[in-house]
There are 2 protein chains.
Amino acid sequence: MAPDRRAATIKDVAAAAGVGVATVSRVLSGTGSVSPATRERVQAAARELDYRPSALGRGLKLRRTGSLGLVLPDVTDPFCAEFTAGVLDCARTLGEHVIVDVSHDDPAREAEIVERFAGQRVDGIIAVPSGDAAGWRAASAVGLPVVFAGRVLDDLPAVPAVLCDDRAGVRAAVDYLVGLGHRRPAFLGGPAPGTAVEVRERAFRDTVAELGAVLDEDLVVRARSGRDSAYAAAAGLFQRRPDVTAVLAAGHVPGEAAVLVAREFDLRVPADVSIVMVDDVPWAELCDPPLTVVSRPARELGYRACEVLRRRPATVGRTPPVVLPAELVVRGSCSPPTGMPGAPPRSSRAR
Amino acid sequence: MAPDRRAATIKDVAAAAGVGVATVSRVLSGTGSVSPATRERVQAAARELDYRPSALGRGLKLRRTGSLGLVLPDVTDPFCAEFTAGVLDCARTLGEHVIVDVSHDDPAREAEIVERFAGQRVDGIIAVPSGDAAGWRAASAVGLPVVFAGRVLDDLPAVPAVLCDDRAGVRAAVDYLVGLGHRRPAFLGGPAPGTAVEVRERAFRDTVAELGAVLDEDLVVRARSGRDSAYAAAAGLFQRRPDVTAVLAAGHVPGEAAVLVAREFDLRVPADVSIVMVDDVPWAELCDPPLTVVSRPARELGYRACEVLRRRPATVGRTPPVVLPAELVVRGSCSPPTGMPGAPPRSSRAR
DNA sequence: CTGAAAGCGCTAACAT
DNA sequence: ATGTTAGCGCTTTCAG
């Protein structure tokens with residue numbers, strides 16, 4: 001096993017085995033027929049030389065690289081991380097490599113990433129898009145298969161997508177809250193990376209209206225991106241309206257802010273204020289009380305996105321999006337508002 | 001912008017601009033000299049054809065792909081995610097792509113990933129290794145630059161590494177606990193993905209001894225991988241020894257277990273039991289009380305690992321590992337043991 | 001069953 | 001300043 005400076009090529013193997021390169025290729029790729037004798041010789045030579053076919057030469061010839069691009073707003077976000085795990089799981093079964101990069105929700109940066117991925121000749125791209133359609137339009141025009149996850153861009157309905165039924169999730173949450181007796185639920189919006197918060201806000205508004213509860217505009221607050229902004233928004237809400245009895249946080253960032261601010265203001269959860277948060281994250285269960293959440297199947301979403309990408313070539317025209325359900329996970333952060341009868345519900349998920 | 005079935009090649013651009021391929025190459029790579037006139041023509045043609053140089057052809061010629069491999073135990077782990085963000089940051093400045101894959105701490109799978117990365121001809125590999133030296137020995141024998149992070153394999157001292165001074169971190173934590181008056185601190189070990197828990201246990205033992213506190217073997221427990229095992233270990237500890245006044249959790253998984261179990265057993269933190277956890281994670285600050293932790297600079301570690309990889313070619317022989325400090329972040333989960341005077345310390349990190 | 005040869009897209013001499 | 005050419009490592013007809 002000589003640690004040569006340069007990796008062995010197919011030629012080296014051919015020479016060592018005393019055959020032509022074509023034969024080596026056949027043996028190693030299992031294509032065509034080779035006599036058992038030569039097959040054995042070739043394999044021995046390959047092993048001896050520690051030969052590893054170059055994906056470069058291969059890709060050049062085959063016009064596919066066996067790798068796909070994944071662009072996320074932020075690897076650090078629990079949802080994205082879980083999503084990535086799903087993509088990786090599926091990619092593995094497909095024998096594809098995954099190139100990852102983060103956009104930080106910056107359209108320009110996202111476009112640049114797509115550009116670079118295209119240069120790498122990835123076989124396809126999976127993205128939790130940041131909102132700007134321009135970069136993507138170019139990409140799919142070039143014929144690069146793209147799959148969106150967690151969100152569709154209205155301007156690009158032709159791009160296949162795997163989504164989570166956020167609308168239904170928010171609906172369930174509001175329904176739960178109102179059912180508990182909260183007449184004026186508050187909404188704490190804030191961009192949870194890669195999610196359509198607007199969709200949630202709309203769902204919130206619609207549901208509140210449908211259920212005959214009161215939609216108090218003063219209780220619908222939005223935060224800019226970032227923890228601090230979410231914290232400020234939550235603080236503003238609680239300060240301005242000490243009468244809030246329930247809040248629906250549109251993502252884990254505003255959710256954290258709500259918990260923190262409630263504690264800061266010495267509000268007991270759920271006695272003084274009930275909290276529901278969209279996105280289940282590990283700490284939701286560790287919180288005291290454990291947080292009731294709308295859980296999105298992040299991992300599954302990732303897996304499916306990857307599957308869709310593989311099937312993509314077969315499909316032509318606009319594919320209907322894959323929609324996965326969101327689940328309301330009732331734990332301990334909600335109870336009837338003060339003055340109402342009824343004990344705070346216990347966790348519905350056994351440990 | 002004709003959406004051709006096949007992407008434009010350098011030849012197409014050359015033809016369109018009425019020049020040779022070399023000229024196109026020169027213009028686009030900024031190498032050599034070209035007359036402003038032709039440069040302009042070439043650029044126009046490239047733009048017109050929506051030309052994107054193929055990394056495949058380029059890589060084949062240049063013998064470098066501009067991409068590096070990152071192998072982690074688990075993308076979902078907060079430490080790994082943060083580490084990845086650091087790698088991505090640095091890779092971006094270097095213009096490198098990052099192929100990610102997860103080993104789940106399985107040596108066989110890890111070896112397979114390395115093998116595949118080698119086939120992809122990555123320019124180098126960054127790994128939070130899972131413990132088995134075999135696969136890595138092969139890789140570095142082939143001349144593939146490798147950098148380890150968070151851990152070195154004793155069998156492979158020649159592989160450069162970026163580490164965190166876990167030992168000092170644990171030392172600081174134990175010192176803090178003992179200083180508070182805890183005579184018999186407990187240690188809750190458990191494999192936090194990709195970390196040398198043994199190192200922490202050893203540091204714990206050494207420090208306890210040095211400080212003249214009591215090293216009670218019965219209070220040193222280990223868990224296998226996984227949340228459930230950590231939970232069981234913690235439960236066992238608290239049950240067997242209701243007299244524990246302080247526990248050092250060797251990672252965020254055992255840390256979570258400790259918090260959960262303490263709550264389960266109706267032990268007040270820090271009044272009844274003080275808790276320090278290795279690894280700072282978002283929820284540590286959200287916990288009530290906020291958890292005192294030994295924080296490892298995950299992101300920085302990732303960034304540095306990537307830097308080291310770039311410099312690698314220059315260096316020959318064994319490089320001394322880069323060691324970054326661990327920081328004890330005092331929040332509110334520790335106080336003197338019951339019966340001792342002194343108020344529980346407040347968070348030292350302003351919000 | 002096997003080998004020779006033609007590229008895949010690009011860069012870097014080497015001409016001109 | 002710019003064009004020609006020889007590969008980089010691989011797969012795949014096309015002959016034999």
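Numbered from 1 within each chain, the chains take letters A, B, ... in sequence-line order.
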So, OP1 or OP2 of dG9(D): does either fall under 4.0 Å of a side-chain N or O from Ser54(A)? no
Please determine if a side-chain N or O atom of Thr38(A) lies less than 4.0 Å away from the OP1 or OP2 oxygen of dT2(C). yes
Can you tell me if the side-chain N/O atoms of Ser35(A) get under 4.0 Å from OP1 or OP2 in dT2(C)? yes
Would you say the side chain of Arg121(B) and the base of dG9(D) hold a donor-acceptor pair, judged only by whether the two atoms sit under 3.5 Å apart? no
Check this for me: does the side-chain of Arg52(A) come within 3.5 Å of the base of dG9(D) through a donor and an acceptor? no
Look at all strands and tell whether Thr31(A) reaches a base, only sugar-phosphate, or nothing, counting heavy atoms closer than 4.0 Å. nothing
Can you find a side chain N or O atom of Arg63(A) that sits less than 4.0 Å from OP1 or OP2 on dG9(C)? yes
Would you mind reading off the distance between Lys61(B) atom NZ and dC8(D) atom P, rounded to a whole angstrom? 7 Å
Atom CG of Asp12(B) and atom C1' of dC10(C) are separated, to the nearest Å, by 13 Å
What is the separation between atom NZ on Lys11(A) and atom C1' on dA6(C), rounded to the nearest whole Å? 13 Å
Euclidean distance, atom CG of residue Leu49(B) to atom P of dG9(C) [Å, nearest integer]: 13 Å
Hey, are Arg116(A) and Asp101(A) close enough for a salt bridge, meaning a charged N less than 4.0 Å from a carboxylate O? no
When you measure from the side chain of Val19(B), which nucleotide among dC10(D), dG3(D), dG9(C) comes out closest? dG3(D)
Salt bridge or not for Glu307(B) and Arg304(B), using N-O below 4.0 Å? yes
Where the side chain of Arg26(A) is concerned, which of dC14(D), dC14(C), dG9(D) is the nearest nucleotide? dC14(D)
Assign Gly18(B) to base, sugar-phosphate, or nothing according to its heavy-atom contacts below 4.0 angstrom with the strands shown. sugar-phosphate
Residue Leu60(B), side-chain atoms from C-beta onward, closest of dG9(D), dA4(C), dT11(C): dG9(D)
Just the rounded figure in Å: distance from P of dT12(D) to CG of Leu28(A). 13 Å
Which nucleotide in the list dC10(C), dT11(D), dT4(D) gets nearest to the side chain of Ile10(A)? dT11(D)
Check whether any side-chain nitrogen or oxygen of Thr23(B) sits under 4.0 Å from OP1 or OP2 of dG3(D), and answer yes or no. yes
